[in-house]
Protein chains: 2
Amino acid sequence: MPDFAAPIARLIDELKRLPGIGQKTAQRLAFHLLRVTPEEALALADAIRDAKEKIRECSVCNNLTDTDPCLYCSSPTRNRKTICVVEEPHNILAVEKTRQYSGLYHVLGGALSPLQGVGPEQLKIKSLIERLKGGALEEIIICTNPTAEGEATAVYLSKLIKPLGVRVTRIGVGIPVGSDLEYADEVTMLKALEGRRDL
Amino acid sequence: MPDFAAPIARLIDELKRLPGIGQKTAQRLAFHLLRVTPEEALALADAIRDAKEKIRECSVCNNLTDTDPCLYCSSPTRNRKTICVVEEPHNILAVEKTRQYSGLYHVLGGALSPLQGVGPEQLKIKSLIERLKGGALEEIIICTNPTAEGEATAVYLSKLIKPLGVRVTRIGVGIPVGSDLEYADEVTMLKALEGRRDL
C-alpha cells in the first residue's frame, strides 16, 4: 500500500478493526476525522475512552450500564414478576422499543454454540437461576434470536427452568409485519404455519 | 429513543457524526467497542488523538503529513518537473497506486463551487502559482474529479497557468477499464468519444 504518514496509517488500521469497516471505508472515515476540527475528532476519542471507563456489566442482569444495578434492575416502576432473557445487551433495545414490556431483563452474553466452544458455563445462566430462586417470579420470556443457537438456548433454558415452577415462554416466530409471503424463506413459513392461532 | 446509559448514548452520538454511519451502524459499532478489550477500544481512541496531534498540512503541497515538508516534497527521488494537482489529500493515493507517477503533488483542498461558496480564494491556488514561479516546472497535470466542479477548476487553473509557459494537461475521461459500454452514462460516453485517439 502506498505511503500514508504513520499516524494516518495507524488510524486507518484501527478503524478497519471495526465490524463492517473495510479498507476504503476506513480511509474515508480517517480522512473525515483529519478534516474536522480537533474538538469534533477528539470528542469521539473521548467518548470511546469514557464509555470504556464507565460502562460495566450490571451485577444483577449483566446489561451494560454506568450504574449498578442498571436502570431496569433499580427502577421502582418495572414489573418484577417477569424476566425477559436476551443474548446481548443491545437486544434489550429491540424489546424496549415496543413500549409494551415493563418487566426486568437478563443478558446471557451469547447463545449456546458447541462448535464455537460456547457451553452453558460460558453464558450467564447460573445467575439467572439464582434470580429465579427468590420466588416472586411468574414468567420467563426467552427472547434469544430465532437462529439454531438461539433456539437451542431456549430449549435448554426451558428444561432447566420449568421444574422450578416458573412459566417459560418463547417469542413468536413467523412472517414479519408488513412483509410479503413471497419473500419468506421456507423455514420461517413453516414456523409461521406451526405458530398459527385461532381467529 | 429508549434508554442507553449516558456514556453509551454519547458514544453512539459521536459515531453517528461519521460520514455514512447511521443510528443502527453506530449502535453496532458502539456495542462492538464495549465488547472488545479496553486495550483494543482505547487503541482506536489513541489513534484518533495521535493522528489529530501529529498530522499537519505540508507547507509546500498541503498534503496531510507528520513531517514538513511531506514525504513527496522532501523525497530526493521524485521528479521535480511535474506537479499533479488534486482536490483532496486522499486523491494522492489513487495516483500513487498506479506506480507510474513519480512527480510532485499539490492539494487544492476542494474544487471551485460558487453555489457552496468555494471560490479561488478558498482553494490553495495562490501557493500553487508560487511553486510555478521557481521555473524548473515543465508540466502540471490537473487531476481534479471529472465532475462539474472539478472540470470548472481544471479550466480555471489552465487559464491561469498556461500564460506562465508551463504545459497544462488534464487526466483522460471515458469508459473505465473492464467496464461495459452498456452501463456507461451518456455524458461519460460523449467524453469517451471526444477523447478518442488514433490506433
Side-chain angles (χ1 to χ4, degrees), chain A residues 1-15 17-21 25 27-38 40-56 63-67 70-72 88-90 92-99 109, chain B residues 1-15 17-21 25 27-38 40-56 63-67 70-72 88-90 92-99 109:
Chain A
M1 187 60 54
D3 323 309
F4 287 117
I8 304 182
R10 184 181 154 209
L11 178 55
I12 292 172
D13 279 348
E14 290 299 333
L15 287 165
R17 290 169 179 269
L18 296 172
I21 307 285
T25 309
Q27 279 177 29
R28 194 161 45 84
L29 296 180
F31 281 103
H32 169 85
L33 286 168
L34 289 167
R35 195 162 42 226
V36 298
T37 63
E40 276 182 74
L42 295 185
L44 173 56
D46 290 341
I48 295 171
R49 186 172 295 276
D50 191 53
K52 287 306 274 189
E53 274 168 12
K54 292 191 186 152
I55 297 297
R56 295 283 171 273
N63 183 20
L64 291 174
T65 175
D66 57 344
T67 58
C70 77
L71 61 99
Y72 301 113
E88 300 288 349
H90 61 263
I92 290 177
L93 182 72
V95 180
E96 282 297 298
K97 271 171 151 177
T98 66
R99 297 176 188 278
Chain B
M1 185 60 54
D3 324 309
F4 287 118
I8 304 182
R10 185 181 152 207
L11 178 56
I12 292 172
D13 279 347
E14 289 300 334
L15 287 166
R17 290 168 179 268
L18 296 173
I21 307 284
T25 308
Q27 279 178 29
R28 195 160 45 83
L29 296 180
F31 280 103
H32 168 86
L33 286 168
L34 289 166
R35 195 162 43 226
V36 299
T37 64
E40 277 183 74
L42 295 185
L44 173 57
D46 289 342
I48 295 170
R49 184 172 296 276
D50 191 53
K52 287 306 272 189
E53 274 169 13
K54 292 191 184 152
I55 298 296
R56 293 284 171 274
N63 182 22
L64 291 175
T65 175
D66 56 345
T67 58
C70 77
L71 60 100
Y72 301 113
E88 298 290 347
H90 61 264
I92 291 177
L93 182 71
V95 181
E96 283 296 299
K97 271 172 152 176
T98 66
R99 297 176 187 275

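Chain letters run A, B, ... following the sequence lines, proteins first, then strands; residues in each count from 1. Here the structure is a predicted model, which is why all the values come from computation and not from measurement.
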Checklist entry - Where on B:Thr37 is there a heavy atom nearer than 4.5 Å to chain A: the side chain, the backbone, both, or neither? => result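 Contact with chain A is through the backbone of B:Thr37 alone.
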Checklist entry - Of the listed residues (A:Asp13, A:Ile55, A:Ile12), which shares the most heavy-atom pairs with chain B below a 4.5 Å separation? => result A:Ile55
Checklist entry - With chain B, which of A:Asn63, A:Thr25, A:Leu15, A:Ile8 has the greatest number of heavy-atom pairs at distances under 4.5 Å? => result A:Ile8
Item to check | Gap separating the CD atom of B:Glu40 from the CZ atom of A:Arg17, nearest 0.5 angstrom | outcome: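 Between atom CD of B:Glu40 and atom CZ of A:Arg17 there are 6.0 Å.
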Next on the checklist: Could you measure the distance from the CZ atom of B:Phe4 to the CG atom of A:Leu64? Nearest 0.5 Å is fine.
Outcome noted: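 Here the rounded value is 10.0 Å.
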Item to check | Smallest separation among heavy atoms of A:Lys52 and B:Leu34, with atom names | outcome: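 Scanning both residues completely, I find the closest heavy atoms to be NZ-O, 3.2 Å.
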Checklist entry - For A:Leu71, is it the side chain, the backbone, both or neither that has a heavy atom under 4.5 Å from a heavy atom of chain B? => result side chain
Item to check | Side chain, backbone, both or neither of A:Glu53 within contact of chain B (heavy atoms, under 4.5 Å) | outcome: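 Contact with chain B is absent: no heavy atom of A:Glu53 under 4.5 Å.
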Next on the checklist: Once side chain to side chain contact (heavy atoms under 4.5 Å, CB included) is applied, do any residues pair with A:His32, and if so which ones, sequence neighbours excluded?
Outcome noted: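 In terms of side chain to side chain contact (heavy atoms under 4.5 Å, CB included), with neighbours along the sequence ignored, A:His32 is linked to A:Arg35, A:Val36, B:Leu18, B:Pro19.
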Next on the checklist: If you count every heavy atom of other residues, nucleotides or ligands that lies below 6.0 Å from A:Arg28 atom CZ, does the total exceed 12?
Outcome noted: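 Atom CZ in A:Arg28 is packed in, count exceeds 12.
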Identify each donor-acceptor pair in which a side-chain atom of residues 44-51 of chain A lies under 3.5 Å from a protein atom, sequence neighbours left out, and give them as a table.
unit_1  : atom_1 : unit_2  : atom_2 : d
A:Asp46 : OD1    : B:Arg49 : NH2    : 2.5
A:Arg49 : NH2    : B:Asp46 : OD1    : 2.5
A:Asp50 : OD1    : A:Lys54 : NZ     : 2.9
A:Asp50 : OD2    : B:Arg10 : NH1    : 3.2

Checklist entry - Of all of B:Ala6, B:Ala30, B:Pro38, B:Ala43, which one pairs up most often with chain A through heavy atoms under 4.5 Å apart? => result B:Ala43
